[in-house]
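Notes to accompany the following structure.
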Amino acid sequence: MNKNFDQQLLKVNKYSFQKDLIEWFENEMRELPWRQNQDPYRVWVSEIMLQQTRVDTVIPFYNRFMELFPTIETLAYAPEEKVLKAWEGLGYYSRARNLQSAVREVHEQYGGTVPNTPKEISSLKGVGPYTAGAILSIAYGIPEPAVDGNVMRVLSRVLGIWDDISKASSRKIFEEAVRHLIAEHNPSYFNQALMELGALICSPTSPSCLLCPVNEHCLAFAEGIQSELPVKTRKKSTKMIDILTVIVQNQEGEWLVNQRPSHGLLANLWEFPNLEDQQNAPTSVQIQEFLKVDFGLEAIVQKEPWMKQDHVFSHLTWKMLVFTADLNTQETNLYQRAAWKTEQEIEEIALPVSHRKIWRQHLLNK
DNA sequence: AAGCCGTGGGG
DNA sequence: TCCCCAAGGCT
């Protein structure tokens with residue numbers, strides 16, 4: 001472990017730090033839907049939704065989700081498609097499928113009670129080191145570290161930890177620091193306060209150190225090096241992919257949609273048929289061949305796209321060209337995971353944000 | 001270990 | 001416009 005950090009950890013008056021931090025939290029904590037009580041299920045759902053996602057974004061999704069699936073049992077028995085639909089627009093969709101899978105396990109293996117040991121709760125799908133600690137401390141009052149980006153930022157400054165927080169291995173160092181500092185009598189507030197402090201005061205850029213309740217314990221503030229911490233290497237730029245998308249309507253006025261594979265990007269979500277532009281032929285020809293081979297459909301594809309749209313993911317960018325096509329046959333027996341769906345049905349399935357935008361635009365132009 | 005996995009907001 | 005970010009986990 002980092003020697004300087006170790007020395008700093010011993011210098012901090014831990015009980016004074018705990019008191020200053022927790023009293024600040026009691027006065028300043030935001031009223032959030034998942035803070036109404038300590039129901040482990042409600043805490044659990046909130047922690048999954050909050051992974052890599054802002055509080056303001058999560059709130060409306062969380063409220064809707066809890067209305068639809070208020071208990072472990074209701075979520076366990078819900079069809080996956082309903083759960084994905086409730087998650088539409090929130091991103092990282094495997095979170096939703098893992099959550100339901102884990103909830104079903106709790107329902108079946110633990111009699112519907114969320115387990116309260118690190119070993120058991122960490123074995124649940126989608127529950128990693130952070131989420132395990134968060135649920136154990138917030139719902140059960142168990143003094144376990146819950147180290148997220150906020151905690152690493154706050155403690156890197158308070159203790160002068162120079163390890164690169166973008167590396168997975170760094171988390172352990174911060175967990176050790178939390179194990180030393182955590183308030184055994186109130187781990188829930190201690191952990192939440194560290195995160196709340198990171199969100200409200202100890203922000204990534206321009207932290208409000210003068211307002212900080214623990215600034216007298218903070219090494220970075222004492223030395224005026226808040227802006228140097230935490231150390232975080234930036235990730236690589238995203239790659240571009242050219243995507244050709246096609247809107248096809250049958251004689252009944254239904255639209256052709258396809259369900260994505262059950263693994264990988266946007267798993268199990270529905271979308272309008274699309275392929276990567278191979279640039280080995282005119283776009284309309286590529287799409288025509290694609291509809292024939294992948295869907296068994298004869299169609300005439302417009303030469304020019306009626307819409308363009310870029311969509312940026314965390315690790316790649318789709319540059320989308322959207323075409324329309326007219327069926328040239330009555331035979332519409334579809335292959336694979338494709339289906340004809342009515343306008344009403346398309347409203348009720350989960351689409352990626354990019355395809356939902358295309359759909360809205362299509363309805364507008366019709 | 002490092003790449004994959006979404007989205008919308010802010011500087 | 002572009003980049004970074006926001007209560008991470010999985011493989």
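Numbers restart at 1 for each chain; the letters A, B, ... are given by sequence-line order, proteins then strands. FYI, side chains are in, hydrogens and waters are out, and symmetry mates aren't considered; it's all heavy atoms of this structure.
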By the 4.0 Å heavy-atom rule, please label K167(A) as base, sugar-phosphate, or nothing. nothing
#### Entry: Modelled atom types, side-chain donor and acceptor of S188(A) and Q192(A), under 3.5 Å
yes
Apply ring pair (Phe, Tyr, Trp, His ring centres under 6.0 Å) to the pair W87(A) and Y92(A), showing each step before the final yes or no. CA-CA 9 Å; W87(A) 215 271; Y92(A) 288 135; over 10 Å; no
Q.
Looking at T53(A) and dG6(B), is any side-chain donor or acceptor paired with a base atom of the opposite kind under 3.5 Å?
A. yes
Please check the phosphate of dC5(B) (OP1 and OP2 only) for any side-chain N or O of H315(A) closer than 4.0 Å.
yes
Requested in this report: Taking atom P in both dG6(B) and dT11(C), compute the distance separating them and give it to the nearest angstrom.
Outcome: 13 Å
Side-chain atoms of S169(A) come closest, of dT7(B), dA1(B), dG8(C), to dA1(B)
Rounded to whole Å, the CG-P distance (D310(A) to dT7(B)) equals 14 Å
Looking only at dG8(C), dT7(B), dG9(C), the nucleotide nearest the D148(A) side chain is dG8(C)
Next item on the list: List the steps and the verdict of salt bridge (Lys or Arg N to Asp or Glu O under 4.0 Å) for K82(A) and E348(A).
Entry: CA-CA 8 Å; K82(A) 300 282 187 188; E348(A) 292 170 356; 5.9 Å; no
Rounded to whole Å, the CE-P distance (M49(A) to dT7(B)) equals 15 Å
Residue pair A168(A)/H263(A) against DNA chain B: nearer the 5' end by closest nucleotide is A168(A)
Atom NZ of K125(A) and atom C1' of dC5(B) are separated, to the nearest Å, by 16 Å
Comparing K232(A) with V127(A), nearest DNA chain C nucleotide closer to 5' gives the residue K232(A)
Note: E347(A)-R360(A) ion pair, threshold 4.0 Å (strictly below)
yes
Among dG6(B), dT7(B), dG8(C), the one nearest any side-chain atom of T131(A) is dG8(C)
Check this one for me: any side-chain N or O of Y92(A) less than 4.0 Å away from OP1 or OP2 of dC4(B)?
no
Discussion item. Heavy atoms only, 4.0 Å cut-off, all strands: where does V151(A) land among base, sugar-phosphate and nothing?
Written reply: nothing
Strictly below 4.0 Å: does R153(A) bring a side-chain N or O up to OP1 or OP2 of dA6(C)? yes
Atom OH of Y93(A) and atom P of dG9(C) are separated, to the nearest Å, by 19 Å
#### Entry: dG9(C) and dA1(B), which share atom name C1', separated by this distance in whole Å
15 Å
Task: Audit row: W318(A), F313(A), ring pair (Phe, Tyr, Trp, His ring centres under 6.0 Å) steps and yes/no - done: CA-CA 8 Å; W318(A) 280 354; F313(A) 297 92; 4.8 Å; yes
When L50(A) and S122(A) are each assigned the nearest nucleotide of DNA chain C, the 5'-most assignment goes to L50(A)
Minimal heavy-atom distance between L291(A) and A325(A), with the atoms involved, is CD1-CB, 4.3 Å
message = Please report the distance separating the P of dG3(B) from the corresponding atom of dC4(C), rounded so that it comes out in whole Å.
response = 15 Å
*asked:* Check this one for me: any side-chain N or O of Q52(A) less than 4.0 Å away from OP1 or OP2 of dG8(C)?
replied: yes
### Message
Does I135(A) reach a base, just sugar-phosphate, or nothing at all? Heavy atoms under 4.0 Å.
### Response
nothing
Checking dG6(B), dG9(C), dA6(C) against the side chain of P204(A) (C-beta onward), the nearest is dA6(C)
Rounded to whole Å, CD of Q51(A) lies from P of dC5(C) at a distance of 18 Å
Q. What is the nucleic acid contact for V55(A), judged by heavy atoms within less than 4.0 Å: base, sugar-phosphate only, or nothing?
A. base
Applying side-chain contact (heavy atoms from CB on, under 4.5 Å) to R30(A) and not counting sequence neighbours gives L32(A), R35(A), V55(A), E196(A), A199(A), L200(A)
Closest to the side chain of P352(A), out of dT7(B), dG8(C), dG8(B), is dT7(B)
### Message
One pair to check against side-chain hydrogen bond (donor to acceptor under 3.5 Å, both in side chains): R95(A) and Q51(A). What are the steps and the verdict?
### Response
CA-CA 9 Å; R95(A) 290 184 297 175; Q51(A) 289 170 5; 5.0 Å; no
What's W34(A) touching, base or sugar-phosphate or nothing? Going by heavy atoms closer than 4.0 Å. base
For a quick check of understanding: with a heavy-atom distance under 4.0 Å over all strands, which category does L90(A) fall into, base, sugar-phosphate or nothing?
base
Check your understanding: What do you reckon, is NZ of K14(A) surrounded by more than 12 foreign heavy atoms closer than 6.0 Å?
Key -> yes
Margin query: Taking any heavy-atom pair under 4.0 Å as a contact, classify G264(A): base, sugar-phosphate, or nothing.
Written below: sugar-phosphate
Here the distance between atom C1' of dG8(C) and atom CG of N98(A), to the nearest Å, is 12 Å
Rounded to whole Å, the CZ-C1' distance (F313(A) to dC5(C)) equals 18 Å
Short heteroatom pairs, N/O only, protein and nucleotides 9-11 of chain B, under 3.5 Å:
none

So CG of L266(A) and OG of S94(A): to nearest 0.5 Å the spacing works out to 10.5 Å
From CG of L200(A) across to P of dA6(C) the rounded distance in Å is 12 Å
Could you check whether R35(A) gets within reach of a base, just the sugar-phosphate, or nothing at all, counting any heavy atom under 4.0 Å?
base
